[in-house]
Amino acid sequence: METIYGQVVSKANNYMAVPDSAGGRRIIKNESIRAYERTFNDQCQIYRNKGISRPFRLHITVYEGSNAYDLDNCLKTVLDCLQYAGAIKNDNLCIGINATKKIDRRQPRIVYGIEETEPSLF
């Protein structure tokens, strides 16, 4: 199990639509998501660059800073951070999530582990 300290930033409210070169719009991450990704990557030691390329289950306890945060909104952020850190090749390899939410106002964090389940798909 690995611990990452800090409040997980929900992806649901932290994207921005900006103009693209073709005159349309594209969706980008705002700075709070990018900052959390960097913090996650800096703290990720056990799984960083592991490159898991087969189906896996994510086991996670999310210690939120308050009850205002939704558990489901942080899971996509964590999966994207695992991909950003090179822990997993692609978050579409996740076949199950065992998630629990707890409150710790003083020290928000996640505690997680990755269980590889099947032979590699690649």
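Heads up: numbering here begins at 1 and tracks the sequence.
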Colleague: Ignoring hydrogens and angles, tell me if any N or O in the side chain of Tyr84 forms a donor-acceptor pair with the backbone of Asn41 under 3.5 Å.
Modeller: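 Not confirmed, Tyr84 side chain does not pair with Asn41 backbone.
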Colleague: Under the criterion side-chain contact (heavy atoms from CB on, under 4.5 Å), which of Ile33, Leu82, Ile110 is the partner of Thr77?
Modeller: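 Answer after filtering Ile33, Leu82, Ile110: Ile33.
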Colleague: Say whether, by atom type as modelled, one donor and one acceptor occur between the side chain of Glu2 and the main chain of Gly113 under 3.5 angstrom.
Modeller: no
Colleague: Considering only heavy atoms from C-beta outward, does the side chain of Tyr112 approach that of Ile4 to under 4.5 Å?
Modeller: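 Of all side-chain heavy-atom pairs linking Ile4 with Tyr112, at least one is under 4.5 Å.
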Colleague: Taking atom OH as the centre, does Tyr69 end up with more than 12 heavy-atom neighbours from other residues, nucleotides or ligands that are less than 6.0 angstrom away?
Modeller: no
Colleague: Would you call Asp70 and Lys101 a salt bridge, taking side-chain N to carboxylate O under 4.0 Å as the test?
Modeller: no
Colleague: Quick check: do Ile114 and Arg57 have side-chain heavy atoms less than 4.5 Å from each other?
Modeller: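 Ile114 vs Arg57: side chains apart.
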Colleague: Is a donor on one side and an acceptor on the other found under 3.5 Å between the side chain of Gln7 and the backbone of Gly65?
Modeller: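 A pair under 3.5 Å: yes.
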Colleague: Using the side-chain contact (heavy atoms from CB on, under 4.5 Å) rule, take Phe40 and Glu37 through it: C-alpha gap first, then chi angles, then the decisive distance, then the call.
Modeller: CA-CA 5 Å; Phe40 186 102; Glu37 285 178 335; 5.6 Å; no
Colleague: Taking the side chain from Ser53 and the backbone from Lys89, do they hold a donor-acceptor pair closer than 3.5 Å?
Modeller: no
Colleague: Ile60 and Ile95: same hydrophobic cluster, using ILVMFWY side-chain contacts below 4.5 Å?
Modeller: no
Colleague: Indicate the atoms forming the closest heavy-atom contact of Ala99 with Leu75, along with that distance.
Modeller: CB-CD2, 4.2 Å
Colleague: Main chain of Leu71, side chain of Glu64: is a donor-acceptor contact present, judged purely on distance under 3.5 Å?
Modeller: no
Colleague: If I take atom NE2 from residue His59 and atom CG from residue Asn98, how far apart are they, to the nearest 0.5 angstrom?
Modeller: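 If we round to the nearest 0.5 Å, His59:NE2 and Asn98:CG are 6.0 Å apart.
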Colleague: Would a 4.5 Å heavy-atom cut-off, applied to side chains only, mark Arg54 and Thr117 as touching?
Modeller: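 When only atoms from C-beta onward are counted, Thr117 and Arg54 do not touch, as no gap falls below 4.5 Å.
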Colleague: Answer yes or no on whether Arg109 is positioned over the face of Tyr5, meaning its NZ or CZ is under 6.0 Å from the six-membered ring centre and within 45° of the axis.
Modeller: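 Ring-cation test returns no.
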Colleague: Between Val111 and Val9, is there shared hydrophobic-cluster membership here, with clusters defined by ILVMFWY side-chain heavy atoms closer than 4.5 Å?
Modeller: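 They do not share one cluster, since no chain of ILVMFWY contacts under 4.5 Å joins Val111 to Val9.
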Colleague: Applying side-chain contact (heavy atoms from CB on, under 4.5 Å) between Glu116 and each of Ile88, Ile52, Leu93, report the one that passes.
Modeller: Ile52
Colleague: Return yes if some donor-acceptor pair links the side-chain N/O of Asp104 with the main-chain N/O of Gln107 below 3.5 Å, else return no.
Modeller: yes
Colleague: Just how far is it from atom CD of Gln83 to atom SG of Cys94, taken to the nearest 0.5 Å?
Modeller: 11.5 Å
Colleague: Does any non-hydrogen side-chain atom of Asn73 lie less than 4.5 Å from one of Val8?
Modeller: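 They are not in contact (no side-chain heavy atoms under 4.5 Å apart), so the answer is no.
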Colleague: Is there a path of hydrophobic side-chain contacts, each under 4.5 Å between heavy atoms of I, L, V, M, F, W or Y residues, that connects Tyr47 with Ile97?
Modeller: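 Tyr47 clusters together with Ile97.
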Colleague: Report yes or no: do Tyr63 and Met1 belong to one cluster of Ile/Leu/Val/Met/Phe/Trp/Tyr joined by side chain heavy-atom distances under 4.5 Å?
Modeller: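 Yes, because Tyr63 and Met1 connect within a single hydrophobic cluster, where side-chain heavy atoms sit under 4.5 Å apart.
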Colleague: State, yes or no, whether a side-chain contact exists between Val62 and Thr100 at a heavy-atom distance under 4.5 Å.
Modeller: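 Result no, sub-4.5 Å side-chain heavy-atom pair not found.
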